2 protein chains.
Amino acid sequence: MNNLKKILQTNNLKATHQRLSILNTLEQQGHIDIDNLYNTIIKQNPTISKATLYRNINELIEKDIIVEVKIPHQKNRYEIKKDPHIHLVCKFCGDVLDNTVDLSMIINNIQHNTQFQIQSSFVIFEGICPSCKG
Amino acid sequence: MNNLKKILQTNNLKATHQRLSILNTLEQQGHIDIDNLYNTIIKQNPTISKATLYRNINELIEKDIIVEVKIPHQKNRYEIKKDPHIHLVCKFCGDVLDNTVDLSMIINNIQHNTQFQIQSSFVIFEGICPSCKG
DNA sequence: ATATGTGCAAAGGGTTTGCAGATAT
DNA sequence: ATATCTGCAAACCCTTTGCACATAT
């Protein structure tokens with residue numbers, strides 16, 4: 001059975017075209033905001049409504065299937081939840097790249113110094129991506 | 001001359017009560033969202049309007065005097081711009097603590113591996129603050 | 001067959017804007 | 001004195017909601 005369909009059904013959500021389109025688009029493009037998501041999906045399904053988008057985005061977040069990414073100076077974006085990673089945001093083209101980095105030394109350091117117990121991290125580096133250099 | 005007044009005048013902004021209240025509140029409380037800012041200021045100045053708040057917040061951001069802080073699962077907050085630091089956000093009380101940490105090793109590492117040129121960083125760690133433990 | 005989900009249109013809530021009066025310089 | 005700023009109310013988003021119909025199971 002289709003992977004995305006399975007994810008939905010595991011979470012007691014019916015595998016509608018609309019939901020499959022959302023997950024499919026997120027899987028292919030990643031880090032996409034509501035308007036881009038809408039503009040992409042409406043090409044395949046010209047009758048989808050924004051209400052459906054919003055309802056499903058919220059539902060998928062609640063079920064922990066997708067995740068909201070808050071990037072400085074940008075609209076919120078959405079991505080399918082996957083292993084922890086950080087985001088590299090290009091100031092010029094606005095693109096968002098994933099990267100994995102070992103934060104454990106820093107986290108241990110902070111926990112030791114502050115007694116604050118760290119459970120999750122959200123790291124964004126802003127700068128110039130390789131394609132926009134020069 | 002008053003420090004905050006000076007900051008405004010340096011940026012060609014008139015030192016109105018409203019603006020001074022905003023900066024003063026941010027200086028004292030830090031990491032505050034629009035509603036808390038409004039509720040705090042209205043105690044001193046019962047006639048301030050939200051329009052003034054929004055207008056000034058945006059103006060102060062443009063002038064680089066204050067900064068928007070985007071925290072997962074929370075409304076945007078605002079703080080006076082100061083030296084680079086990271087944020088520790090407590091999942092229980094919602095409080096935000098500042099911390100400084102040396103990210104240069106991580107940044108160098110990423111720049112070397114990806115050719116992405118990093119200019120600024122936004123780091124949030126979520127967890128349990130010392131006061132909420134136990 | 002039926003519980004769930006969708007599209008539509010209307011309502012809601014937060015943010016911005018135009019304007020006349022007020023204020024800082 | 002005058003350019004700038006504020007408060008008010010209206011306008012403007014973007015997001016949510018109620019409802020009747022459609023769809024997945």
Side-chain angles (χ1 to χ4, degrees), chain A residues 1-25 32-63 65-66 68-78, chain B residues 1-25 32-63 65-71 73-78:
Chain A
M1 187 197 314
N2 179 318
N3 181 33
L4 298 175
K5 200 167 171 180
K6 198 170 179 179
I7 292 175
L8 290 171
Q9 295 180 337
T10 305
N11 286 275
N12 300 313
L13 298 172
K14 288 189 178 176
T16 62
H17 297 315
Q18 293 84 344
R19 284 177 182 151
L20 289 168
S21 293
I22 292 171
L23 292 180
N24 201 44
T25 304
I32 194 170
D33 64 37
I34 286 276
D35 290 337
N36 282 319
L37 189 56
Y38 180 73
N39 292 332
T40 302
I41 292 178
I42 209 168
K43 285 173 194 157
Q44 310 148 23
N45 176 356
T47 63
I48 197 172
S49 70
K50 282 207 171 174
T52 297
L53 257 197
Y54 281 114
R55 260 188 299 236
N56 279 316
I57 285 290
N58 289 336
E59 221 154 26
L60 293 168
I61 289 174
E62 271 172 36
K63 300 277 188 180
I65 297 169
I66 69 175
E68 195 171 50
V69 184
K70 294 192 164 193
I71 297 174
H73 327 119
Q74 291 197 7
K75 281 183 288 186
N76 291 344
R77 298 181 176 222
Y78 302 91
Chain B
M1 192 197 312
N2 178 321
N3 181 34
L4 297 176
K5 200 167 171 180
K6 197 170 178 178
I7 292 175
L8 290 172
Q9 295 181 336
T10 304
N11 285 276
N12 299 314
L13 298 173
K14 287 189 177 175
T16 61
H17 295 147
Q18 293 84 344
R19 285 178 181 150
L20 289 168
S21 293
I22 292 171
L23 292 179
N24 201 43
T25 305
I32 193 169
D33 65 36
I34 287 276
D35 290 337
N36 281 320
L37 188 56
Y38 182 72
N39 292 332
T40 302
I41 292 178
I42 209 169
K43 285 173 195 157
Q44 309 149 23
N45 176 357
T47 63
I48 196 171
S49 69
K50 282 206 169 173
T52 297
L53 256 198
Y54 281 113
R55 259 188 302 235
N56 280 315
I57 285 290
N58 290 335
E59 221 155 27
L60 293 168
I61 288 173
E62 272 172 37
K63 300 276 188 180
I65 298 169
I66 69 174
V67 154
E68 195 172 50
V69 184
K70 293 191 164 195
I71 297 173
H73 326 118
Q74 290 197 9
K75 281 183 285 185
N76 291 344
R77 297 182 179 221
Y78 302 91

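Everything quoted here is computed from the prediction, not taken from an experiment. Only this structure's heavy atoms are used, side chains among them; waters, hydrogens and symmetry mates stay out. The sequence lines fix the lettering, A, B, ..., with proteins before strands; numbering per chain opens at 1.
Here the side chains of A:Arg77 and A:Ile32 are not in contact, with every heavy-atom distance at 4.5 Å or above. With contacts defined as side-chain heavy-atom distances shorter than 4.5 Å, the pair A:Gln18/A:Asn45 qualifies.
Summarising the geometry, the separation between OH on A:Tyr38 and C1' on C:dT6 is reported as 13 Å, rounded to the nearest angstrom. For the pair A:Leu60 CG and C:dG5 C1', the computed distance is 13 Å after rounding to whole Å. For the pair A:Leu13 CG and D:dT23 P, the computed distance is 19 Å after rounding to whole Å. Rounded to an integer number of Å, the gap from CD1 of B:Ile42 to C1' of D:dC8 is 14 Å. Whole-Å rounding puts the B:Lys14 NZ to D:dA3 P distance at 9 Å. Here the C1' atom of nucleotide D:dC13 and the CD1 atom of A:Ile34 are 15 Å apart, to the nearest Å. Atom P of nucleotide D:dC14 and atom NZ of A:Lys75 are separated by 7 Å, given to the nearest angstrom. Whole-Å rounding puts the A:Lys50 NZ to C:dA10 C1' distance at 17 Å.
Nearest nucleotide to the B:Ile48 side chain, out of D:dT16, C:dT6, D:dG7: D:dG7. Taking only side-chain atoms of A:Asn56, from C-beta outward, the nucleotide of C:dT25, C:dA3, C:dT6 with the closest atom is C:dT6. When distances run from any side-chain atom of B:Asn58 to the nucleotides C:dG7, D:dT17, C:dT16, the shortest one goes to C:dT16. Counting only heavy atoms from C-beta on, A:Ser49 has its side chain closest to C:dG7 among C:dG5, D:dT6, C:dG7. Closest to the side chain of B:Ala51, out of D:dA9, C:dC19, C:dG7, is D:dA9. The side chain of B:Glu59 has D:dC5 as its nearest neighbour among D:dT25, D:dC5, C:dT6. Comparing C:dG5, C:dG7, D:dT6 by their closest approach to the side chain of B:Thr52 singles out D:dT6. Here D:dC5 is the nucleotide among D:dT25, C:dT25, D:dC5 with the atom lying nearest to any side-chain atom of B:Arg19.
Note on B:Thr16: every side-chain N or O is 4.0 Å or more away from OP1 and OP2 of D:dT4. B:His17 has no side-chain polar atom (N or O) that falls below the 4.0 Å cut-off from OP1 or OP2 of D:dT6. Using a 4.0 Å cut-off, no side-chain N or O of B:Gln18 falls inside it from OP1 or OP2 of D:dC5.
Pairing each heavy atom of A:Lys70 with each of B:Lys70, the nearest pair is CB-CB, 4.0 Å.
A donor-acceptor pair is defined here as one N or O able to donate and one able to accept, closer than 3.5 Å; such a pair exists between the side chain of A:Asn56 and the backbone of A:Thr52. Without hydrogens or angle criteria, B:Lys75 side chain to B:Asp33 main chain gives no donor-acceptor distance under 3.5 Å.
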